[in-house]
Amino acid sequence: MDSILVRGGSPLNGQIPIAGAKNACLTLMPATLLSDEPLTLTNAPRLSDIRTMTQLLQSLGAEVTSLQDGQVIAMSTHGAVNTRAEYDIVRKMRASNLVLGPLLAREGHAQVSLPGGCAIGARPMDIHTDGLAKMGAEIDLQDGYLHAKAVGGKLKGAVIEFPFASVGATENILMAATLAKGSTVIKNAAREPEIVDLATCLRAMGAQIDGDGTSTIEIQGVDRLHGATHRVVTDRIELGTYMLAPAICGGEVELLGGRIDLVGAFCEKLDVAGISVTETDKGLKVSRKNGRIRAVDVTTEPFPGFPTDLQAQMMALLCTAEGTSVLEEKIFENRFMHAPELIRMGAKIEVHGGTATVTGVEKLKGAPVMATDLRASVSLILAGLAAEGETRVARVYHLDRGYEHVVRKFSGVGADIERVQGE
Ligand code: EPZ
């Protein structure tokens with residue numbers, strides 16, 4: 001398994017291009033199942049998760065072709081498709097469960113393996129299945145697979161109120177509802193930009209959707225959807241991650257393609273911490289206001305609140321802030337695995353359940369550390385960029401899931417970073 005070596009201490013200056021959103025692309029790709037006409041995505045990120053979704057859709061019978069070095073994904077699905085999503089693909093990536101809604105909408109039945117838990121939590125699918133059941137799907141669990149069937153062969157519109165604003169459940173129900181008979185209302189829907197991006201693409205395919213981006217989404221089912229070409233929205237989590245690089249190391253970096261509306265709550269916390277963010281005609285420019293970073297409290301919430309996917313990265317910044325910060329992780333039950341690794345670098349962190357208390361220290365010290373999940377891995381790189389000495393981050397396959405060309409992007413602004421094959 002590869003490692004990444006980081007030698008800290010240099011301020012960062014220059015520009016970093018931000019790619020298309022992994023979490024938008026992973027829900028846009030299954031939308032090809034909703035039509036027998038071609039769906040083409042542009043500005044797609046080059047990531048291993050996208051390759052996994054490609055494999056899954058091909059196993060279902062979709063034609064998926066990657067063009068322009070992976071930045072364009074051309075898809076088309078003709079005739080009947082295989083409706084069984086196999087465990088050996090689904091277990092690699094939870095987002096595989098986003099084929100459930102589209103398969104039910106297209107074929108009236110589906111067998112989708114439960115993804116199983118992952119490092120950050122149990123990740124159940126009850127909100128997805130309860131919603132689909134309200135739309136007339138009979139779903140039962142057999143040998144680790146969800147066996148789903150639309151009674152009468154076609155889903156029906158329904159009023160569905162989510163107990164929690166689940167991103168994936170909103171996406172599954174939204175896609176299923178586009179071809180259901182009648183109208184569907186999703187209450188307490190997730191409001192993430194990736195939901196708006198999916199709805200925008202589905203409307204381009206002929207779907208009738210209103211209210212995406214708010215807590216109530218209304219969908220009027222139609223008989224069929226046609227093909228479309230859609231540009232994947234900018235990745236707000238990659239954006240926020242790289243905004244923290246000059247914040248932690250000093251210097252000034254412009255994030256090309258960055259949009260302030262995608263990272264509102266995050267920027268509010270950066271402002272309190274002493275980071276300046278200015279909009280330019282190419283994106284967002286980030287630098288420290290003056291002096292040391294100040295401590296700030298963070299609670300993760302569904303959008304538009306502070307994103308859980310930036311919690312680990314924010315913790316890396318706060319390790320050397322002046323004062324004590326309290327981070328509350330309210331979305332996942334086990335998302336502080338980066339804390340023990342940061343402690344190996346000299347951070348002062350106490351974790352009690354879903355709360356981590358970080359007491360700032362002057363400097364972190366480089367050390368060998370272990371990536372445990374996608375966002376934890378990049379938070380260790382950020383910490384290493386500011387630490388004295390050398391940090392070796394092992395198991396960087398986690399990184400390849402969500403960050404394209406990470407060494408090139410960091411070294412492009414002056415970071416002393418390299419990837420070491422195997423170890
Ligand atoms: C999406 O996961 C993202 N993944 C996650 O990003 C992100 O952290 C998460 O939304 C929250 O923003 C993709 O978009 C591919 P949820 P998802 O359903 O849809 C519980 C990354 O790093 N829940 O909003 O799985 C669940 O256990 C990844 O890019 C149920 O209890 O998130 C969790 O505690 C990590 N029952 C919480 O809700 C359900 O049926 C949030 O889950 C569904 C979810």
Side-chain angles (χ1 to χ4, degrees), residues 19-30 45 47-50 52-53 56 90 92-101 112 114-134 139 141 146 160-175 186 188-198 215 232-233 235-241 262-263 265-266 299-313 328-335 337-338 354 371-379 398-404:
K22 165 178 87 78
N23 290 349
C25 203
L26 289 174
T27 189
L28 290 162
M29 292 174 73
L47 303 167
S48 58
D49 271 8
I50 304 304
T52 302
M53 182 58 82
L56 174 62
V90 174
K92 284 191 269 186
M93 181 182 66
R94 172 182 171 77
S96 307
N97 65 12
L98 294 172
V99 299
L100 178 59
V112 176
L114 269 183
C118 72
I120 61 178
R123 316 284 299 266
M125 280 187 64
D126 54 308
I127 303 173
H128 299 242
T129 52
D130 292 352
L132 290 168
K134 284 206 177 68
I139 304 177
L141 180 61
L146 289 174
I160 300 164
E161 177 139 17
F162 284 166
F164 173 83
S166 158
V167 171
T170 302
E171 292 162 344
N172 250 328
I173 301 295
L174 175 55
M175 288 190 280
I186 307 174
N188 196 22
R191 300 170 53 190
E192 274 67 6
E194 294 75 35
I195 307 281
V196 174
D197 204 42
L198 173 63
S215 299
V232 179
V233 69
D235 192 322
R236 62 193 170 96
I237 304 303
E238 189 196 27
L239 170 60
T241 301
L262 295 174
V263 282
F266 177 66
T299 299
T300 62
E301 294 170 310
F303 195 89
F306 190 100
T308 174
D309 293 348
L310 285 173
Q311 177 259 109
Q313 300 90 313
E328 274 194 293
E329 174 53 60
K330 309 281 270 188
I331 306 293
F332 289 104
E333 59 264 36
N334 182 33
R335 204 168 195 179
M337 287 168 296
H338 41 286
T372 49
D373 61 84
L374 167 57
R375 306 303 174 180
S377 53
V378 80
S379 82
H398 291 292
L399 210 56
D400 298 333
R401 295 190 53 183
Y403 290 93
E404 63 169 37

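It should be emphasised that the depicted structure is a prediction, and the values quoted were computed from it without experimental measurement. Whatever order the structure lists ligands and atoms in, that order sets their numbers, starting from 1.
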> Which bit of Arg335 gets closer than 4.0 Å to ligand 1, counting heavy atoms only: side chain, backbone, both or neither?
Replying inline: side chain
> With backbone taken as N, CA, C and O and side chain as the heavy atoms from C-beta onward, which portion of Phe164 lies under 4.0 Å from ligand 1: side chain, backbone, both, or neither?
Replying inline: side chain
>> Once rounded to the nearest 0.5 Å, what's the spacing between atom OG1 of Thr241 and atom CG of Leu310?
In response: 5.0 Å
> With a 4.5 Å limit on heavy-atom distance, are the side chains of Arg191 and Pro304 in contact?
Replying inline: yes
>> Does this structure show an ion pair linking Arg94 with Asp49, if we count only N-O contacts that are shorter than 4.0 Å?
In response: no
> By ring-ring contact (aromatic ring centres under 6.0 Å, His included), which residues pair with Phe306, not counting sequence neighbours?
Replying inline: Phe266
> Quick one: do Glu194 and Arg236 make a salt bridge, cutoff under 4.0 Å?
Replying inline: yes
> Any protein heavy atom lying closer than 4.0 Å to atom 43 (C) of ligand 1?
Replying inline: yes
> Are any of the N or O atoms of Asn23 closer than 3.5 Å to those of ligand 1?
Replying inline: yes
>> Regarding atom 25 (O) of ligand 1: of the candidates Met93, Lys330, Lys22, Arg94, which has the closest heavy atom?
In response: Arg94
> Under 4.0 Å from ligand 1, counting heavy atoms only, is it the side chain of Asp126, its backbone, both or neither?
Replying inline: both
> Nearest to atom 1 (C) of ligand 1 by heavy atom, Val167, Asp49, Asp130, Asp309: which?
Replying inline: Val167
> How does Arg375 reach ligand 1, if at all, at less than 4.0 Å between non-hydrogen atoms: by side chain, backbone, both, or neither?
Replying inline: side chain
